[in-house]
Amino acid sequence: MNKLNPRQIEAITAPDGPVLVLAGAGSGKTTVLIERIAYLIRERGVLPYAILAITFTKKAAEELRSRLTKQLGIGANDVWAFTFHAACSKILRRDIERLGYTKDFTIYDTDDSARIVKMCLNDLQLDPKQFNPRAMHACISREKNADVPPSRYEENFGGGKQIQEIYTLYVKRLRLNNALDFDDILLKTVELFEKNPDVLEFYQRKFRALLVDEYQDTNTLQYKLCAMLSAKSRNIFVVGDDDQSIYRFRGATIENILSFEKEYPDATVIRLEQNYRSTQNILTAANNLIENNLGRTGKSLWTDTGSGQPISLCRAENDYYEADYIADCIERHVNGGGKYSDMAILYRINALSNRIEEALRRRSIPYRVIGGTRFFDRAEIRDMLAYLHILNNPADDLRLTRIINIPPRGIGDKTIGGVIAEAAAKGVPMMDIIKQSAHPALARFYKIYENLRDLIDTMPLTELYDTLLETTGYVRVLREKNDFESDGRAENVMELKSTIKKFGDDFAEGTLSEFLESVSLATDVENYDAGANAAVLMTIHSAKGLEFPTVFIAGLEEGIFPSLRSLDPMDLEEERRLCYVAITRARRQLHITYSASRTLYGQSNYSPVSRFIGELPNECVEKAEHAVKAAPYGDMRVEATVRRTTEGRPYGVSSQRATGSRPYSVTPSPEVSFTKGSTVNHKAFGRGTVTNVSPMGGDALIEVAFDTVGTKRLMQKTASAHMTVES
DNA sequence: AGCAACCGTGTTTTT
DNA sequence: CACGGTTGCT
């Protein structure tokens with residue numbers, strides 16, 4: 001304990017009962033959590049299995065577990081260190097039968113859930129255009145997280161009768177499919193406890209101590225869970241930072257941490273304000289920014305390690321230059337002896353990564369993108385997982401309809417519609433209907449299914465997967481297509497086998513059901529390998545809890561950061577906290593960039609600089625020269641939007657993005673290019689000379705001095721259809 | 001039944 | 001821009 005400061009020691013050795021640790025960014029929060037657990041075990045005689053430590057991300061849980069093992073040895077394995085979702089899943093796997101589900105229950109992600117909503121709309125004959133399935137699901141999710149059942153829906157929303165109907169049917173459908181959505185994992189656990197006091201009491205007795213990380217991000221349901229679990233022992237130790245609450249949109253309520261002292265008047269409250277991560281310049285900037293928020297507990301970070309480099313601020317003309325500036329900085333950093341892996345590029349929205357990826361690729365800078373479209377979200381992976389899901393849970397109609405005719409096996413819309421109707425009429429899963437069907441294609445499908453199903457208890461998962469590939473013909477059909485995209489997809493399908501193998505290596509006794517659960521709860525951040533020498537790109541949300549020597553924050557423009565959709569005061573405060581989180585990720589050097597114009601969603605727009613930049617103190621900030629060595633777009637050729645698809649190792653390598661359920665779009669490079677000085681011939685305007693080319697979004701604005709009609713400005717993409725280059 | 005081409009629309013952040 | 005859904009052809 002000799003490396004700890006007095007405040008930290010106070011937190012670690014706090015007496016029994018409720019404890020609130022308000023821990024600023026970089027103040028050694030995780031260390032305190034770990035030391036507290038070690039202290040409880042060593043000094044207070046608490047047994048490891050009587051400790052429940054909850055985190056928000058899998059990565060945090062893993063880090064907690066590995067550091068505990070280092071500290072305590074093998075006994076640490078008995079500590080329950082999980083995310084809310086993982087802990088609840090574990091509780092549910094044990095007792096969910098009391099709620100009428102079977103233990104093989106399936107977990108639906110946001111995408112699956114939206115599809116279920118869509119089916120509900122169909123049943124209710126409502127127009128999916130009027131009731132956007134994703135928005136409807138967001139509504140339902142919000143209500144679930146606030147613990148509002150369908151029957152009470154209207155109390156919250158006047159005139160929401162149809163939404164209530166959708167919500168009701170949605171709940172029914174999930175149950176029929178023996179499925180839980182993300183929110184249900186928490187909701188059903190609470191329900192389990194409420195309906196079965198003996199189960200609750202079992203866990204209340206089991207857990208002598210509850211510790212919660214990132215407490216500022218808990219929502220009503222999670223709050224309720226914590227309160228229930230600690231009601232007997234009253235040993236609830238929470239760590240958090242109200243300034244870093246960034247999940248309001250997911251129902252997190254900052255009230256939970258702000259009112260902790262009211263809730264537990266006898267609580268021990270400790271503030272950790274000494275920062276061990278960043279330079280004073282970075283901290284001063286962060287402090288100044290966050291002071292613009294009201295309703296904080298009030299905290300000011302400090303360090304004794306010196307002021308460090310000023311924060312560099314760069315204004316770019318457009319997003320191409322912004323990206324190139326970042327790439328240039330990284331290149332110079334590495335030329336000066338630094339590592340690529342020192343650098344992280346953070347942004348508010350995933351859509352900003354594309355331009356930056358292009359710039360990094362152009363300079364051959366190794367990078368990896370965290371988040372965005374996940375490996376598990378690729379169409380072909382979803383297909384394979386769907387097969388595994390129906391083997392695990394035959395009632396999973398959603399997954400069944402996804403793959404029943406993939407690859408094509410003669411089961412068309414009409415046949416599927418018949419099965420759905422009959423299943424609905426009888427109130428049974430679709431598989432029951434298929435089993436008895438005389439339809440030859442359906443019978444053939446059932447045979448495939450049945451044969452595989454017979455193997456799940458006896459065959460190792462990887463072999464089962466091989467057999468699955470074999471009997472469904474999925475890979476064979478891909479290979480037969482013999483094109484670039486299908487090859488990539490086939491590779492991805494094989495890559496899933498590596499995931500399965502790794503799961504088998506990690507959990508020798510792991511079942512299919514557990515594998516699927518691990519996939520459902522997986523995120524991309526935990527796949528981030530800090531050991532690889534590559535720059536990292538991710539959203540600020542993903543970056544929470546991480547730190548890097550050098551951080552770039554890109555896209556500091558009004559409408560992007562803060563987001564256009566977050567302009568009312570409460571949302572704006574959350575955006576500001578997000579910015580605070582971003583700034584405090586940096587250890588030594590922080591670069592902030594913004595762009596006068598930006599092409600987003602296929603449209604180019606001008607936006608003013610973000611208000612957050614004005615909230616940084618001048619003395620910490622230095623304007624950066626826009627040092628573009630060889631102007632990369634000077635004699636511009638329109639860059640084709642050639643996306644690297646899936647060559648190389650399909651996952652975890654830089655520069656790959658899935659483009660959803662359709663084949664990847666590969667646009668060939670346009671042959672025509674106009675450069676300054678070339679002579680052109682236009683269908684309508686005749687002969688002319690190109691006098692200027694400037695980049696403009698994914699296009700370019702070209703100026704042409706025509707021989708007869710004078711100078712005109714044209715967009716290259718449009719003009720190329722009417723204009724040729726004269727040789 | 002299956003495929004290709006077209007149109008219209010929405011697009012933050014994620015356990 | 002990129003998706004989902006629809007239409008129309010084979």
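Letters A, B, ... mirror the listed sequences (proteins, then strands); counts begin at 1.
Remark: C1' of B:dT14 and CG of A:Asp377 are 11 Å apart, rounded to the nearest angstrom. In this structure, A:Arg248 atom CZ and B:dT14 atom P are separated by 17 Å, rounded to whole Å. In this structure, A:Asp127 places its CG atom 11 Å from P of B:dT9, rounding to the nearest Å. When rounded to the nearest whole Å, the span between CZ of A:Phe182 and C1' of B:dT14 equals 8 Å. When the C1' atom of B:dT14 is taken as reference, atom CG of A:Asp111 falls 13 Å away, rounded to whole Å. When the P atom of C:dA2 is taken as reference, atom CG of A:Leu600 falls 12 Å away, rounded to whole Å.
Residue pairs meeting the ring pair (Phe, Tyr, Trp, His ring centres under 6.0 Å) criterion with at least one member in residues 556-583 of chain A, sequence neighbours excluded, are A:Phe561-A:Phe612. Listed by first and then second residue, the salt bridge (Lys or Arg N to Asp or Glu O under 4.0 Å) pairs involving residues 244-253 of chain A are A:Arg248-A:Asp571 (not counting sequence neighbours).
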Below 3.5 Å between N/O atoms, which protein atoms pair up with nucleotides 11-13 of chain B? Just atom names and distances, please.
| from | atom 1 | to | atom 2 | distance (Å) |
| --- | --- | --- | --- | --- |
| B:dT12 | O2 | A:Arg348 | NH1 | 2.7 |
| B:dT12 | O2 | A:Arg348 | NH2 | 2.3 |
| B:dT13 | OP1 | A:Asn350 | N | 3.0 |
| B:dT13 | OP1 | A:Asn350 | ND2 | 3.2 |
| B:dT13 | O4' | A:Arg348 | NH2 | 3.2 |
| B:dT13 | N1 | A:Arg348 | NH2 | 3.4 |
| B:dT13 | O2 | A:Arg348 | NH2 | 2.3 |

Between the protein and nucleotides 1-4 of chain B, which nitrogen or oxygen pairs come in under 3.5 angstrom?
| from | atom 1 | to | atom 2 | distance (Å) |
| --- | --- | --- | --- | --- |
| B:dA1 | OP1 | A:Thr415 | OG1 | 3.1 |
| B:dG2 | OP1 | A:Gly410 | N | 3.1 |
| B:dG2 | OP2 | A:Asn405 | ND2 | 2.8 |

Worksheet item: Can you check salt bridge (Lys or Arg N to Asp or Glu O under 4.0 Å) on A:Asp112 and A:Arg382, steps first, answer last?
Response: CA-CA 10 Å; A:Asp112 299 325; A:Arg382 288 190 90 100; 3.0 Å; yes
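Ring geometry for A:Tyr203 against A:Phe193 counts as tilted: the plane angle lies between 30° and 60°, on a 0 to 90° scale.
For A:Asp183 against A:Leu221, the heavy-atom pair with the smallest separation is O-CD2, 4.2 Å.
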Which donor-acceptor pairs under 3.5 Å do side chains of residues 80-89 of chain A form with protein atoms, sequence neighbours excluded?
| from | atom 1 | to | atom 2 | distance (Å) |
| --- | --- | --- | --- | --- |
| A:Thr83 | OG1 | A:His85 | N | 3.4 |
| A:Thr83 | OG1 | A:Ala86 | N | 2.9 |
| A:Ser89 | OG | A:His85 | O | 2.8 |

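Looking at residues two or more places apart in sequence or on another chain, you find a side chain to side chain contact (heavy atoms under 4.5 Å, CB included) between A:Ala60 and A:Thr55, A:Thr57.
At a threshold of 4.0 angstrom between heavy atoms, the contacts of A:Lys118 are confined to the sugar-phosphate backbone, with no base atom among them.
Remark: A:Arg93 qualifies as a cation-pi partner of A:Phe105 under the 6.0 Å distance and 45° angle criteria applied to the six-membered ring.
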